[in-house]
There are 2 protein chains.
Amino acid sequence: MSSLSDKIEKYLRNLIKRYEGEVEIKRNRLADDFDCAPSQINYVLDTRFTVERGYIIESRRGGGGFVRIIKVKLTSENEAMKNIIKQLEGPIKPKEAKGIIKRLHENNLIKKRDRILIEAAVSKDSIGFENDDKNLIRTQVLKNTLKAIFKS
Amino acid sequence: MSSLSDKIEKYLRNLIKRYEGEVEIKRNRLADDFDCAPSQINYVLDTRFTVERGYIIESRRGGGGFVRIIKVKLTSENEAMKNIIKQLEGPIKPKEAKGIIKRLHENNLIKKRDRILIEAAVSKDSIGFENDDKNLIRTQVLKNTLKAIFKS
DNA sequence: TCTTTATTTGACTTTTTTTGACCTTCTAAT
DNA sequence: ATTAGAAGGTCAAAAAAAGTCAAATAAAGA
């Protein structure tokens, strides 16, 4: 009944548990074990091991390549960060964005420099073209920069 | 299973540490030890012991030849790069943006974290809505984040 | 059923590493 | 001064992985 993706997810979760939050796999090897297309591994990674769920993916191509899955330790800080990222949806206006960033900084979730940078990125000045999607783009930029911080 | 290049890198790093930042090897001898083509040593040197990472390579051919790896302190901002920023105009595609950011980082004008953040901000993922102005928005975001950094 | 969402597959792309053939430079012996 | 042999350098092809994207199926909801 459970899909193949579910099985792969389960398998990986077990591995991660066994290896204390960090595991390295060979994508093609794993695909072979589960007898599926390699890109299915990516699908599982993209849908189940996301930042929102507290995972970071690193990888390398070429000889000796790998995919590494890291379970982020949930301190209250990055737990909070995760939730905030999860909740960033729909259009966000410049002022709202600024408010969000301000609070993140005040709560020590991002550094001063991060704040300056992200504020600039989502400012009216940056994303100001008269354009239907601009507030949605702003949301994406905000979300992705925060994710980047989470990952680093 | 890390690649052969990784192993060679590791070996060399250890040597360098042991000999306080400077070490001399025989390329062919080393290649022989690792059972690989001599040019692979060059590959490792070119990709892992670069100037950006703070290494200088010296060498001599012929009898008694050698390759010397020296770890240096990386210095000196490149003023010229600031002009490049000034010249950021017109639509910029995701890959171009990535290249620009990479160079800024390699020239020590922005920190690693800045790079990661800005890359996230201007990524296809952030500014990817099917939209005529997206590459212009990207330019603005890039420009404004960089300005923000220089002001700080 | 009909429509929407999630999964599976596969062709094609990009990145990174490995290998090898050929080139250049240096030392030392003639 | 010439030259053989010893190093190291270059460059590009082949191989090894992983990534992307979209079409085809399957499952879930209305």
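The sequence lines fix the lettering, A, B, ..., with proteins before strands; numbering per chain opens at 1. Keep in mind it's a predicted model, so treat the numbers as computed, not measured.
- No hydrogens or angles considered: a donor-acceptor pair under 3.5 Å links the side chains of Asn78(A) and Thr75(A).
- Pairing each heavy atom of Lys71(A) with each of Arg53(A), the nearest pair is NZ-O, 3.8 Å.
- At a threshold of 4.0 angstrom between heavy atoms, the contacts of Arg29(A) with the nucleic acid are absent.
- Computed from coordinates, the Glu58(A) CD to dA18(D) C1' distance equals 14 Å when rounded to whole Å.
- Distances shorter than 4.0 Å separate none of the side-chain N or O atoms of Asn42(A) from OP1 or OP2 on dT20(D).
- Protein atom CZ of Arg68(A) is 12 Å distant from nucleotide atom P of dA18(D), rounded to whole Å.
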side-chain contact (heavy atoms from CB on, under 4.5 Å) evaluation trace for Phe34(B) with Arg29(B): CA-CA 9 Å; Phe34(B) 280 92; Arg29(B) 173 75 203 293; over 6 Å; no
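- Put simply, CD1 on Ile8(A) is 11 Å from P on dT7(C), counting in whole angstrom units.
- When all heavy atoms of Gln140(B) and Ser126(A) are compared, the closest pair comes out as CB-O, 3.2 Å.
- The CG atom of Asp32(B) sits 11 Å away from the P atom of dG8(D) (whole-angstrom rounding).
- Taking CG of Leu117(B) as the reference point, atom CD1 of Ile149(B) lies at 8.5 Å (rounded to 0.5 Å).
- Closest non-hydrogen pair, Asn42(A) versus Arg27(A), comes out as OD1-NH1, 2.7 Å.
- Taking the C1' atoms of five terminal pairs at each end of the helix from dT1(C)-dA30(D) to dT30(C)-dA1(D), the two resulting helix axes are inclined by 10°, rounded to 10°.
- Distances shown here put every side-chain N or O of Ser59(A) at or beyond 4.0 Å from the OP1 or OP2 atom of dA17(D).
- Summarising the geometry, the separation between NZ on Lys10(A) and P on dT7(C) is reported as 15 Å, rounded to the nearest angstrom.
- Counting to the nearest Å, the P atom of dG9(D) and the CZ atom of Phe49(B) are 15 Å from each other.
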Heavy-atom protein contacts under 4.0 Å, nucleotides 18-30 of chain C, coded B base, S sugar-phosphate only, - none: BBB---BBBS---
From CA spacing to verdict: side-chain contact (heavy atoms from CB on, under 4.5 Å), Lys111(A), Arg113(B): CA-CA 11 Å; Lys111(A) 296 188 186 149; Arg113(B) 190 175 170 101; 4.1 Å; yes
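- Regarding Asn28(A), its CG atom lies at a distance of 15 Å from the P atom of dA11(C), rounded to whole Å.
- In this structure, Lys7(B) does not reach the dT17(C) phosphate: none of its side-chain N or O atoms is under 4.0 Å from OP1 or OP2.
- In this structure, Asp46(A) places its CG atom 15 Å from P of dA18(D), rounding to the nearest Å.
- Residue Arg48(B) places none of its side-chain N or O atoms closer than 4.0 Å to OP1 or OP2 of dT16(C).
- Taking 4.5 Å as the limit, some side-chain heavy atom of Phe49(B) sits within range of a side-chain heavy atom of Ile57(B).
- A donor and an acceptor atom, one from each side chain of Glu89(A) and Thr139(A), are nowhere located under 3.5 Å apart.
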